[in-house]
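Below: one structure, written as structure tokens.
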Amino acid sequence: MTGIAARHDNHAGIERRGLAELRGPLAFVEGVAGVAFHEFVDLEGSDGVTRPGRVLSTTERGAIVEVFGVTDGLQLGASSVRFHGRPMRFGVGPELLGRVFDGLGSPRDSLPPPACVERRTIGGSPINPCRRAYPRDFLETGVSAIDALNSIVLGQKIPIFTESGLAHDALAMQIIRQARAPSVEKFAVVFVALGLPRDVATRYLDDLQTSGSRGRLIAFLNLADDPTAERLITPRLALTAAEYLAFDAGYHVLVVLHDITNYGEALREISAARGEVPSRKGYPGYLYSDLASLFERAGRIAGRPGSITQIPIVTLPSGDLTHPIPDLTGYVTEGQIVLDREIARRGVYPPVAILSSLSRLMSDGIGEGRTRDDHPDVAKQLYAAVARVERARGLASIIGIDELTEIERTYLRFGESFERELLTQRGDESRTIGETLDRAWRVLHELPRAELTRVRDEILEKHYAP
Amino acid sequence: MSDPAARAGVITEISGWVVRARAEVPLALREVVLVGDERLIGEVIALNRGEVTIQVYEETEGVAPGHPLYATGEPLSLELGPGLLGGVFDGVQRPLRMLAEQEGDFIGRGSRLPALDREKLWDFKPAIEAGSDVEPGRVLGTVMETPALPHPIIVPEGVSGNVKWIAAAGPRRITDVIARLDDGRELTMLQKWRARVRRPVRERLVPDAPLITGQRVLDTFFPLARGGTAAMPGGFGTGKTVTQHQLCRWAEADVIIFVGCGERGNEITQLIDELPRLIDPRTKRLLAERSILIANTSNMPVSAREASLFTGVTIGEYYRDLGYDVLLLADSISRWAEALREISGRLGEMPAEEGYPPYLSSALAAFFERAGRVVTLSGGHGSLTVITAISPPAGDLTEPVTRHAARFVRTFWTLDRQLAAARVFPAVSTRASYSEVPPGVTNWWSSQVSPGWAAAREEAMTFLEEASRIEETARLVGADSLPERERFLLRLADTFQEGFLQQNAYDAVDACCTPARQMALLETFMRVRREGLEQIAKGTAASALPIDFAALQRMKTAKELP
Ligand SMILES: Nc1ncnc2c1ncn2[C@@H]1O[C@H](COP(=O)(O)OP(=O)(O)OP(=O)(O)O)[C@@H](O)[C@H]1O
Ligand SMILES: [Mg+2]
């Protein structure tokens, strides 16, 4: 990747003893000159522990450093800073596969650091839009709710919006285990924990490693009790690794970022410490651009074999879809899969809310030659029918089922079998897209033919047997 | 931009895209400077004694105090001339295709390729003879920029005199001299213009016609005048981008400029892939031959995103000045406003609402003011229509960007989350959208399509209004307890939604609907409404009406219609 690696080295290294000020994760250093913007820094306390950091702003007199480690217990005089003369880098290479790292990229699996073929700056460079390849290869997850109605393609970024207590972990693990695409041989998973409780992270690792994915998994773990500021680095290390695997080594990489809400909160914390003017709910005005700098690293590049597909997981703060983090995530990603407590209460797994979910890259990835010729019509018809179900349910809750028209009652029955036959599946059950669509037709049979206005006649002839 | 640049000072401070420096030579406000050893492109945005503040249009990682600053002596300006059509440029007009050839798949830093190809030969045909007196806007000659569009070469602003020499017909580069004036001045096909300054016109005119978009709900209910302005607010996933892409394909404009301002890379890629393949139904030429993409995606530098809107609008004005009807689509001005906010924050300015600078409103006004229908300097007619997407946080239409934009646009298309969730597209809310229809637009429909247009539209508006009231009642009491009249209207409204308002962007026939067809559909629906109401007044039950609703619903793609 020309243009990305090894750029702008400034000096061999500057050391400075003593800090002028410490405020949360920010350290103010005076009396250093020539420190570069975004330069990589090590800060050592009297405890002998080295914390990495990055220059946030720099003048002729000093610099402000964002510290990716615990700053509690640091003293001004007894701390020393070393400026490296270059931005933060991460070593990439095939040996990353199968390894587990901490949030700053050091091995966490008590093995020696992997050999790397190249050290790359972790911020990434934007892909030239003229060189992107538009994603259109169907990625089969084996989950009907996704494959039929929110089909994902290789190179897409699509988050799971969820609430605490819902089955997002089971669903994410199921997707990782089952994901497959025709013609894809080299498949890899990058799992990124951002402020995740230890037991959840362990569950993912155990699940992935026992399901035979070990050799194709890389994990970066920033756990709940790891420093908050570190969270801003972890996904960038992971995506640097993913870019290497995808665009240099030809892997189709699935990146799971869990949980973006913790990431956003880390960003807010740093922003507040810098005294920046917030926009909504205390989040910085650049939250959108910052999220985009992660999510836009998904995609495909013309003439290169691999891809990066991203599935960020976003826990909605107090279930609120309009909260800045899910809101701005939705504005960057290519759709969203929304899990719903109401549906979960009815015992449905996975509890996917069909109407609020969306896959924006679906239309180019499905249909004849990609999934099946009836897929686009089936999906359109199901959305329309589910919208009718919602309306009928709303009405029934006001005036009672008995007052509904015959067709509204038919839709209620359809709604039930839709959830039972199509949506619901076992956590270890993987359905092919063909099985999923056949089930969809069985459900559509609950409706009279005249209601199927979204399906072309020739498709109806083939699939709607009276 | 001219090179080599002279050393002009030393960098003293870097904070993101805002850099400060100590000047060693006098610099001008808005002058282009090059920052650091990599010579990143920047623009002087403030001068205070010896200290200069610079907005840098590239990532500043690695720049340090003590690094050099270079001056170019030129203001930041755009290149205007043949070769823009079919191009893909970033926010400061760097040619992204050429950049990819030079640097590969990722966008690096410090590249300064000229926007327009210097080597390409254009077949120049002079339009005047030596000895003619010329003034700004006067056509010197023409080249065929693409098979779809002749490109008149006009005398730039501020230049007039007697032509001593004009180039003969033949191949010319854009930097070749094509005319020499009596005072010795030499003119080329390449012009420069500062993006933030509006281009002069002879006269501003009131709108005389709609900009037909082929989208029924827009053209019929909320029409946009040619030379007018529209805002399209909507939460994520409500269809702003898909609608704008639709307008790219179908709107009846000569030149289309799409500004991807802080949005997704894949969406730009989709246009890049598609425009060279799609045939324009009117000219039967490829869309790429008359469109220009400005792509400053969400992960490209925020400062260049701020500039991208002005880059787009200036190029739009230029083609307007050549006598064309131009459509500028911007997706989205919320991201532009956020860029403004971020730069303002880094400058330490006092914020107003939600962190936006107090001048957000005037900056928006200055942008929208550049739309319009005009008499050009040479006496021709041209127009620039502007359609902007707005991405309000949480879909909240009371937020600052939506609120300010609403004051400056005449057409307001609100996209509705509920409709989008039910997959009703385009998800234009008929209740929360509006358009101030100028007389010129009404006259156009009456004379070009049908004298009954205004009346039919009026009737349909009333019908929709009533239907939505009935719907609210039905939500409380159930459709079964409604009187026959209301039941019929509700049923017809459902059919109207599917058969008229809804339009599938992905259906080959339905994607674009001609004005004549829109009118035919509308009249049919209104006739059915009147006849149905008459029958019901005579005592017929709603369910017994001899109306084939399914056929009505499918009529929009019927072959028999115009
Ligand atoms: N006219 C249409 N016909 C069919 N489908 C549509 C139409 N408009 C929108 N959609 C569907 O809605 C999805 C979202 O639309 P779009 O990407 O335009 O939303 P948006 O408002 O631009 O969102 P964002 O603000 O996040 O960019 C599309 O991917 C498509 O599936
Ligand atoms: Mg969009």
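Chain identifiers are assigned alphabetically (A, B, ...) following the order of the sequence lines, protein sequences preceding nucleic acid strands; residue numbering begins at 1 within each chain. We use all heavy atoms of the structure for the numbers below, so side chains are in, but hydrogens, waters and symmetry mates are not.
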For the candidates [options], which exhibits the highest count of non-hydrogen atom pairs separated by less than 4.5 Å from chain B?
options                                : result
A:Thr58, A:Val277, A:Ile127            : A:Thr58
A:Cys130, A:Ala33, A:Ser57             : A:Cys130
A:Asp327, A:Asn128, A:Leu355           : A:Asn128
A:Ala384, A:Gly299, A:Ser356, A:Ser363 : A:Ser363
A:Pro129, A:Gly123, A:Pro284, A:Ala292 : A:Pro129

Would [X] and [Y] pass as an ion pair if we require N to O under 4.0 Å?
X        : Y        : value
A:Arg454 : A:Asp377 : no
B:Arg341 : B:Glu354 : no
A:Glu408 : A:Arg388 : no
B:Asp507 : A:Arg456 : no
B:Lys240 : B:Asp331 : no
B:Arg97  : B:Glu101 : no
B:Glu13  : B:Arg20  : yes

Portion of [X] that has a non-hydrogen atom of chain B nearer than 4.5 angstrom:
X        : answer
A:Ala387 : side chain
A:Ser279 : both
A:Asp290 : neither
A:Leu291 : neither
A:Leu358 : both
A:Ile64  : neither
A:Pro376 : neither

Side chain, backbone, both or neither: which part of [X] has a non-hydrogen atom closer than 4.5 Å to chain A?
X        : value
B:Leu96  : both
B:Arg417 : neither
B:Val18  : neither
B:Arg94  : neither
B:Ala100 : both
B:Asn296 : neither
B:Thr12  : both
B:Asp90  : neither

message: If the contact rule is any heavy atom under 4.5 Å from chain A, which residues of residues 269-276 of chain B qualify, in numerical order?
response: B:Thr269, B:Gln270, B:Ile272, B:Asp273
Residues of residues 344-352 of chain B within contact distance of chain A, non-hydrogen under 4.5 Å: B:Arg346, B:Pro351
So, [X] versus [Y]: side-chain donor-acceptor pair below 3.5 Å or not?
X        : Y        : result
A:Ser289 : B:Arg305 : yes
A:Glu334 : A:Ser359 : no
B:Ser298 : B:Glu263 : no
A:Thr240 : A:Arg297 : yes
A:Tyr411 : A:Glu451 : yes

query: Would you say A:Arg54's side chain and A:Met88's backbone share a donor-acceptor pair under 3.5 angstrom?
result: no
message: Tell me whether the rings of A:Phe40 and A:His84 are parallel (<30°), tilted (30 to 60°) or perpendicular (>60°).
response: parallel
query: Quick check, are the ring centers of A:Tyr283 and A:His323 under 6.0 angstrom apart?
result: yes
- request: With a 4.5 Å cut-off on heavy-atom pairs, point out which of B:Gln553, B:Glu338, B:Arg335 contacts chain A the most.
  value: B:Arg335
task: For chain A, find which of B:Glu267, B:Glu342, B:Glu399, B:Arg554 contributes the most heavy-atom pairs closer than 4.5 angstrom.
output: B:Glu342
Closest non-hydrogen atom pair between B:Ser303 and B:Ile343, with its separation: CA-CD1, 3.9 Å
